[in-house]
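Worksheet: the structure to be examined is printed underneath.
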Amino acid sequence: MKYWLMKSEPDVFSIDQLKKDNTTWWEGVRNYQARNFMMKDMQVGDAVLFYHSNAEPSGVAGLAKISKIAAPDKTQFDKKSEYFDAKATKEKPIWYCVEVEYVEKFKEVVSLSDLRNNEKLQDMVVLQKGSRLSVQPVEKKHFDIVKKMGGL
DNA sequence: GCCAACGTTGGC
DNA sequence: GCCAACGTTGGC
């Protein structure tokens with residue numbers, strides 16, 4: 001079982017929305033590195049830190065898990081979608097996404113500065129300078145610390 | 001295959 | 001809204 005951090009702007013899709021819907025396809029990722037993590041490495045049951053970016057405050061808002069392995073992202077075929085990709089065909093899809101299921105919301109967001117202030121988290125990918133990957137691996141020890149910081 | 005120009009992400 | 005860092009595109 002692996003551990004991940006997945007970013008979402010709460011104005012677009014928040015952990016509250018995931019709680020309401022219970023599951024969601026993680027559509028709209030248009031970065032190959034992030035896609036490859038979803039396509040090749042994620043398994044059902046993997047644990048996810050749900051991260052709010054461009055938020056007040058930005059940080060980890062709660063926990064989720066992978067509920068279905070990667071399938072073609074249907075927004076790439078939808079001309080009306082902002083995620084439409086003219087180069088993708090049904091026979092040869094370019095973008096894939098996993099299904100994510102709600103687990104638990106933290107009582108309070110564990111903010112970026114909370115993470116930065118924890119010595120044991122210094123080498124987390126999300127804290128590295130210029131780290132923009134919206135889907136990234138997390139080490140178990142880091143996952144456990146963040147979970148504890150979130151009160152779970 | 002190089003690399004300049006451009007676009008995007010995301011913290012602040 | 002600014003801008004640093006990074007990814008992608010396209011001319012050559």
Side-chain angles (χ1 to χ4, degrees), chain A residues 2-21 24-42 46-66 70-100 102-139 141-151:
Chain A
K2 294 196 177 75
Y3 300 84
W4 307 96
L5 180 145
M6 299 174 84
K7 296 181 186 172
S8 179
E9 299 192 28
D11 292 346
V12 178
F13 190 85
S14 68
I15 192 157
D16 291 318
Q17 191 63 45
L18 180 62
K19 184 175 184 178
K20 213 178 288 176
D21 299 347
T24 188
W25 286 96
W26 205 262
E27 293 168 337
V29 171
R30 295 294 180 268
N31 170 285
Y32 288 103
Q33 237 184 311
R35 181 205 67 176
N36 288 345
F37 283 132
M38 291 198 286
M39 264 179 85
K40 299 181 174 165
D41 298 322
M42 284 186 175
D46 283 2
V48 175
L49 298 174
F50 193 112
Y51 182 94
H52 280 173
S53 60
N54 274 322
E56 201 47 58
S58 290
V60 179
L63 305 181
K65 66 181 179 187
I66 306 305
D73 180 339
K74 63 179 173 10
T75 62
Q76 69 193 305
F77 309 123
D78 179 2
K79 282 203 173 104
K80 290 184 297 244
S81 168
E82 61 174 312
Y83 302 122
F84 176 70
D85 187 335
K87 293 196 288 292
T89 63
K90 293 261 163 79
E91 293 71 34
K92 277 203 164 181
I94 298 173
W95 305 107
Y96 284 73
C97 57
V98 294
E99 189 192 68
V100 172
Y102 175 79
V103 173
E104 200 110 34
K105 182 186 172 182
F106 291 163
K107 290 216 167 42
E108 277 189 43
V109 172
V110 176
S111 71
L112 236 204
S113 57
D114 292 340
L115 298 174
R116 285 226 160 85
N117 287 334
N118 190 320
E119 251 179 51
K120 293 179 188 146
L121 299 178
Q122 293 312 303
D123 46 352
M124 266 185 91
V125 177
V126 73
L127 299 184
Q128 303 317 304
K129 191 174 171 186
S131 165
R132 308 190 317 187
L133 252 193
S134 63
V135 174
Q136 50 180 259
V138 172
E139 290 178 43
K141 60 180 180 184
H142 293 151
F143 183 93
D144 290 341
I145 292 168
V146 174
K147 183 174 170 179
K148 208 167 281 178
M149 290 168 80

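A, B, ... follow the sequence lines: proteins, then strands. Residue 1 opens every chain.
Relative orientation of the A:Tyr3 and A:Phe143 rings is tilted, given thresholds of 30° and 60° on the angle between their planes. Between A:Trp26 and A:Phe13, the angle of the ring planes goes over 60°, which puts this pair in the perpendicular group of the 30/60° scheme.
The CD atom of A:Gln76 sits 8.5 Å away from the OG1 atom of A:Thr89 when rounded to the nearest 0.5 Å.
Remark: C1' of C:dT8 and CH2 of A:Trp95 are 10 Å apart, rounded to the nearest angstrom. Rounded to whole angstrom, the span from the NE2 atom of A:His52 across to the P atom of B:dG11 amounts to 12 Å. Atom CZ of A:Arg132 and atom P of C:dA5 are 11 Å apart (whole Å). One can place OH of A:Tyr32 at 16 Å from C1' of C:dC6, the figure rounded to the nearest angstrom. One interatomic measurement links the two molecules: CD of A:Glu82 to P of B:dT9, which rounds to 9 Å at whole-angstrom precision. With rounding to whole Å, A:Tyr51 atom OH is found 11 Å from B:dT9 atom C1'. Here B:dG7 presents its C1' atom at 16 Å from CZ of A:Arg30, a figure rounded to the nearest Å. The CD1-C1' distance, from A:Ile94 to C:dG7, rounds to 16 Å in whole Å.
Checking B:dG10, C:dG7, C:dA5 against the side-chain heavy atoms of A:Gln33 singles out C:dG7 as nearest. For A:Lys7, counting side-chain heavy atoms from C-beta on, the closest listed nucleotide (B:dG11, C:dA5, B:dG10) is B:dG10. Comparing atom distances between the A:Ser134 side chain and each of B:dC12, B:dG10, C:dG7 picks out B:dG10 as nearest. Checked against C:dT8, C:dA5, B:dG11, the side chain of A:Asn54 finds its nearest nucleotide in B:dG11.
For the OP1/OP2 pair of C:dG7 and a distance below 4.0 Å, the side-chain nitrogens and oxygens of A:Arg35 include no atom meeting the criterion. Remark: A:Lys129 is not in phosphate contact with C:dA4, judged by side-chain N or O atoms under 4.0 Å from OP1 or OP2. When the side-chain nitrogen and oxygen atoms of A:Ser58 are compared with OP1 and OP2 of B:dG11, one or more of them lie within a distance under 4.0 Å.
The closest donor-acceptor contact from the side chain of A:Ser131 to the backbone of A:Val125 lies under 3.5 Å.
There is a side-chain donor-acceptor pair under 3.5 Å between A:Thr75 and A:Arg30.
A:Glu9 comes within 4.0 angstrom of nothing in the nucleic acid, heavy atoms only.
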